[in-house]
J.: 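Take this structure, written in structure tokens, and hold onto it; I'll ask about it next.
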Amino acid sequence: MDIRVGTCRYGLWYVDIHWSKNTVYRVRFSRIGEEAPVPLSFRLYLSGKTKKIGMESIATSGTSTFARIYREVMQVPYGETATYGEIGRRASTGPRVVGIAMARNPTPLVIPCHRIVGARSLGGFTPSLTLKQELLNMERGG
DNA sequence: CAGTGTTCAGGAT
DNA sequence: ATCCTGAACACTG
């Protein structure tokens, strides 16, 4: 399997990435850490130089409801947003379930859960709503 | 079983 | 117009 682990910076955050070849197993944000090599496309994406990370997430395969939700989320274009309800309708499930799937997303960025917002509010984001806002600002060319 | 990053309709202010 | 409720959804510890 040969899973590699690397860490890069994004603003005040450290981004831990677990991957093997073209498949990403886990992405996690942390306040502390030490830099170690990550796939080039992550660095380019996080510095606003490319729109596509171009890697697969382990969580999008299969026929489970979560997998269907994650595949729909990956269809949301760079710089745009969709609501929990919209994704729920596309994946034939409810908005609440979408929220849970986002909260348990093992690979944020690859599955761009930061692009999923509430119909009337920004929605939530682990570990920090500010981080969600920053990612959206960056994608809007801020 | 309880608890989740929601939403919508319906009813009371 | 705004502010509750409650139901529906799928999955995890």
Side-chain angles (χ1 to χ4, degrees), chain A residues 1-36 38-39 41-142:
Chain A
M1 193 89 81
D2 190 29
I3 297 181
R4 309 187 51 193
V5 183
T7 303
C8 64
R9 302 295 306 273
Y10 178 71
L12 298 173
W13 297 91
Y14 288 90
V15 188
D16 295 331
I17 299 161
H18 299 227
W19 83 100
S20 176
K21 302 199 179 211
N22 204 36
T23 302
V24 181
Y25 291 81
R26 185 169 211 90
V27 174
R28 190 171 70 183
F29 294 99
S30 169
R31 282 302 215 188
I32 56 175
E34 238 175 69
E35 297 189 55
V38 299
S41 54
F42 271 94
R43 285 212 308 279
L44 293 176
Y45 170 79
L46 289 171
S47 57
K49 290 177 181 151
T50 185
K51 298 183 177 184
K52 291 203 184 304
I53 292 178
M55 295 177 74
E56 291 300 316
S57 167
I58 187 189
T60 54
S61 63
T63 58
S64 71
T65 301
F66 275 28
R68 286 205 317 279
I69 290 172
Y70 292 144
R71 284 195 287 269
E72 290 299 335
V73 172
M74 290 190 78
Q75 304 295 312
V76 179
Y78 186 93
E80 295 180 27
T81 58
T83 66
Y84 298 98
E86 283 168 7
I87 296 296
R89 285 191 287 275
R90 290 176 204 166
S92 308
T93 185
R96 190 79 204 270
V97 181
V98 176
I100 297 156
M102 296 306 95
R104 297 199 166 310
N105 178 8
T107 60
L109 304 182
V110 181
I111 296 169
C113 59
H114 58 281
R115 293 178 198 150
I116 310 306
V117 298
R120 286 164 187 73
S121 71
L122 192 55
F125 196 76
T126 319
S128 140
L129 252 190
T130 309
L131 177 55
K132 182 178 192 171
Q133 187 70 70
E134 286 170 356
L135 288 166
L136 290 172
N137 287 343
M138 176 189 76
E139 294 193 353
R140 289 193 311 232

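Since the structure is predicted, the reported quantities are computational estimates derived from the model, not experimental observations. In the text below, chain A, chain B and the rest are named by the order of the sequence lines, each starting its count at 1.
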J.: Nearest to the side chain of A/Arg89, heavy atoms from C-beta on, is which of B/dG5, B/dC8, C/dA8?
T.: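 So the nucleotide nearest the side chain must be B/dC8.
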J.: Using residues 111-118 of chain A as the side-chain source, report each donor-acceptor pair under 3.5 Å to any protein atom, sequence neighbours left out, with the distance given to one decimal.
T.:
{"residue": "A/His114", "atom": "NE2", "partner": "A/Tyr45", "partner atom": "OH", "Å": "3.4"}
{"residue": "A/His114", "atom": "NE2", "partner": "A/Glu139", "partner atom": "OE2", "Å": "2.9"}
{"residue": "A/Arg115", "atom": "NE", "partner": "A/Glu139", "partner atom": "OE1", "Å": "2.9"}
{"residue": "A/Arg115", "atom": "NE", "partner": "A/Glu139", "partner atom": "OE2", "Å": "3.3"}
{"residue": "A/Arg115", "atom": "NH1", "partner": "A/Val76", "partner atom": "O", "Å": "2.9"}
{"residue": "A/Arg115", "atom": "NH2", "partner": "A/Glu139", "partner atom": "OE2", "Å": "2.9"}

J.: A/Met102 CE to B/dG3 P: how many Å, rounded?
T.: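 Going from A/Met102 (CE) to B/dG3 (P), I get 23 Å.
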J.: Between B/dT7, B/dT4, B/dG5, which nucleotide has the shortest distance from any of its atoms to the side chain of A/Ile100?
T.: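 Of B/dT7, B/dT4, B/dG5, B/dT4 is nearest to the side chain of A/Ile100.
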J.: Tell me whether A/Lys132 contacts the main-chain N or O of A/Leu122 through its side chain, where contact means a donor paired with an acceptor under 3.5 Å.
T.: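 Looks like yes, one N/O pair under 3.5 Å.
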J.: Considering every strand and a 4.0 Å limit on heavy-atom distances, what is the contact class for A/Gly118: base, sugar-phosphate, or nothing?
T.: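 The residue A/Gly118 makes sugar-phosphate contact but no base contact.
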J.: For A/Asp16 and A/Thr7, does a side-chain donor sit closer than 3.5 Å to a side-chain acceptor?
T.: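 Checked: A/Asp16/A/Thr7 side chains pair up, N/O donor to acceptor below 3.5 Å.
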J.: B/dG5 and C/dC3: how far apart are their P atoms, nearest whole angstrom?
T.: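 The answer is 23 Å between these two P atoms.
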J.: Does A/Thr65 place a side-chain N or O at less than 4.0 Å from the phosphate oxygens OP1/OP2 of C/dC11?
T.: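 Looking at the OP1 and OP2 atoms of C/dC11, one of them is under 4.0 Å from a side-chain N or O of A/Thr65.
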J.: Given C/dC9, B/dT7, C/dT12, identify the nucleotide with an atom nearest to the side chain of A/Tyr84.
T.: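 For the A/Tyr84 side chain, the nearest candidate turns out to be B/dT7.
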J.: Any chance you could encode DNA chain C as dot-bracket? Rule is Watson-Crick or G-U wobble with both distances under 3.5 Å; [ ] for pairs crossing earlier ones, | for another strand.
T.: ||||||||.||||
J.: Can you measure A/Arg68 atom CZ to C/dC9 atom C1' for me and round it to whole angstrom units?
T.: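 To the nearest whole Å, that distance equals 11 Å.
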J.: Measure from CZ on A/Arg120 to P on B/dT6 and round the result to the nearest Å.
T.: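 Roughly 13 Å, once rounded to whole Å.
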